[in-house]
Number of protein chains: 2
Amino acid sequence: MEVLLGLLTIEPMSGYDLGQLIRESIRHFWNESYGQIYPNLKQLAAGGFITGKIEKQKGKPDRQIYSITKKGRERLMRWLEVEPQPEIPRNELLLKIFFGAQAGPGTLRNYLERMLENERAALQQFGFIEREISKNTQYPDAPYWQIALRFGQIEVEAHVRWAEETLAVLQKLSRVKQTPQGSRKEKPHAGE
Amino acid sequence: MEVLLGLLTIEPMSGYDLGQLIRESIRHFWNESYGQIYPNLKQLAAGGFITGKIEKQKGKPDRQIYSITKKGRERLMRWLEVEPQPEIPRNELLLKIFFGAQAGPGTLRNYLERMLENERAALQQFGFIEREISKNTQYPDAPYWQIALRFGQIEVEAHVRWAEETLAVLQKLSRVKQTPQGSRKEKPHAGE
DNA sequence: GGGTGCATGTAATGGGTTACATGATTCT
DNA sequence: AGAATCATGTAACCCATTACATGCACCC
């Protein structure tokens with residue numbers, strides 16, 4: 001809800017634009033689906049927090065361009081003043097690793113390789129975003145965008161380090177499991 | 001749902017125990033509320049994935065102790081084989097920082113200080129968990145628990161570094177804002 | 001001709017938190 | 001006396017994703 005308000009302080013936009021912008025620039029810490037965006041915009045408009053103007057296009061469908069109102073800015077402010085409480089992320093990968101002894105190291109290694117791919121792709125995306133920000137230094141928010149981006153970079157680097165370290169640990173674990181005295185109740189897994 | 005199954009492979013437990021265990025050991029990457037745990041246990045029991053035995057206690061209410069069944073283990077296995085897809089966390093703090101120019105650096109600094117407190121508390125909690133794990137090396141899952149814990153440690157360290165760096169950046173930003181030519185449309189904020 | 005992008009929207013479904021209710025014991 | 005802990009459970013509610021629907025234009 002308030003994301004939309006916040007993004008509309010940058011410039012007036014349509015719901016579609018908002019969706020694009022979200023997945024291009026803040027997806028690494030916030031996401032909204034269109035199933036969320038459009039109804040929320042309607043609500044915000046009904047409450048007088050934003051106003052919409054229809055923009056006609058040839059060939060393409062009409063666009064509803066929304067602008068934030070004074071009332072909207074006030075609402076955004078009030079929300080910004082509320083201290084964000086830490087939220088517990090749900091990390092399915094970690095959960096599966098936690099029960100790793102059931103799955104065996106082979107499966108986990110695949111998951112980690114895939115994770116590394118994703119994280120490296122994210123790093124590239126960050127590079128792209130960084131260039132976008134430095135093109136738009138005229139906006140007063142630009143330094144803050146940079147800070148949010150930096151969070152993503154630092155976190156992803158940490159993830160990469162962890163994943164690499166973990167792959168090494170798993171290697172050792174499967175070597176230990178292969179030694180004769182290491183096998184107790186465990187059923188031997190096919191392959192490594 | 002499957003967390004419960006997974007945790008019950010460690011040993012038979014009650015819903016209450018599961019809740020305790022979750023918040024003591026895996027809260028940093030997974031959480032379930034009792035409003036979720038109890039109904040899920042009922043469902044799992046109805047499906048034959050776990051079985052419950054009533055344990056009577058004097059003075060205290062009866063406990064339903066659940067054990068995982070063979071069918072339950074199979075279900076857990078199938079779930080473990082499904083590749084976890086990356087999930088986008090929602091970080092309200094980052095979102096508020098992203099719109100930082102609206103709120104001003106003072107508010108953000110408070111949020112960051114609070115965040116640092118939380119992260120440091122988490123580090124301490126991790127120390128506690130680490131000691132618990134090293135007491136329970138007889139479990140075959142122990143190395144995997146260690147890996148999951150390591151993730152938390154590395155991530156939290158990264159967060160701390162980012163927060164400290166960001167506090168320094170904000171300091172600079174508010175100094176720049178104070179210089180005469182830097183003030184355009186911005187209302188001056190009380191205190192720095 | 002078929003897929004993709006633009007653009008908006010709704011409905012079904014699933015997930016999860018919060019708040020409430022109960023009731024006994026133990027601690028302060 | 002009152003609060004907290006143990007222990008289980010339900011109901012209301014909010015939020016979010018997914019899938020579906022429409023319709024035109026452009027490209028291969």
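Order of the sequence lines fixes the chain letters, A, B, ..., with proteins taken first and strands second; residue numbering starts at 1 for each chain. Note that this is a predicted model, so its numbers are computed, not measured. Below, each value reflects all heavy atoms present in this structure, side chains not excepted, and no hydrogens, waters or symmetry copies.
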Rounded distance (Å) that lies between atom [atom2] of [N] and atom [atom1] of [X]:
{"X": "B:I22", "N": "C:dG16", "atom1": "CD1", "atom2": "P", "result": "11 Å"}
{"X": "A:Q36", "N": "C:dG15", "atom1": "CD", "atom2": "P", "result": "17 Å"}
{"X": "B:E87", "N": "C:dG16", "atom1": "CD", "atom2": "C1'", "result": "14 Å"}
{"X": "B:R90", "N": "C:dT17", "atom1": "CZ", "atom2": "P", "result": "14 Å"}

Which residues pass the side-chain hydrogen bond (donor to acceptor under 3.5 Å, both in side chains) test with [X], not counting sequence neighbours?
{"X": "A:K135", "value": "A:E132"}
{"X": "A:S14", "value": "A:D17"}
{"X": "A:W162", "value": "A:T166"}
{"X": "A:H159", "value": "A:E119, B:E155"}

A:E113: salt bridge (charged side-chain N to carboxylate O under 4.0 Å, His left out) partners, not counting sequence neighbours: none
Donor-acceptor pairs are to be reported for all side-chain atoms of residues 85-94 of chain B against protein atoms at under 3.5 Å, with residues two or more places apart or in another chain.
residue	atom	partner	partner atom	Å
B:E87	OE2	A:E92	N	3.1
B:R90	NE	A:N31	O	3.3
B:R90	NH2	A:N31	O	2.3
B:R90	NH2	A:E32	OE2	3.4
B:N91	OD1	B:L93	N	3.2
B:N91	OD1	B:L94	N	3.1
B:E92	OE2	B:K96	NZ	2.7

A:F29 and B:F98 aromatic ring geometry - parallel, tilted or perpendicular at 30°/60° bounds: tilted
Which pairs count as side chain to side chain donor-acceptor pair (under 3.5 Å) when at least one residue sits in residues 1-11 of chain A, sequence neighbours excluded? A:E2-A:R75
Heavy atoms under 4.0 Å is the rule here; annotate nucleotides 3-8 of chain C 5' to 3' with B where the base is hit, S where only the sugar-phosphate is, and - elsewhere. ---BBB
Can you pull out how bent the helix from C:dG1-D:dC28 to C:dT28-D:dA1 is, comparing the axes over its first five and last five pairs, to 10°? 30°
Enumerate donor-acceptor pairs with a distance under 3.5 Å from any side-chain N or O in residues 18-26 of chain A to protein atoms, sequence neighbours excluded.
residue	atom	partner	partner atom	Å
A:S25	OG	A:L21	O	2.6

Considering only heavy atoms of chain B and a distance under 4.0 Å, specify the first and last nucleotide of DNA chain D in 5' to 3' order that meet this criterion. D:dC6 to D:dA16
Going by salt bridge (charged side-chain N to carboxylate O under 4.0 Å, His left out), name the pairs with one or both residues in residues 40-57 of chain B, residues two or more places apart or in two chains. B:E55-B:R63
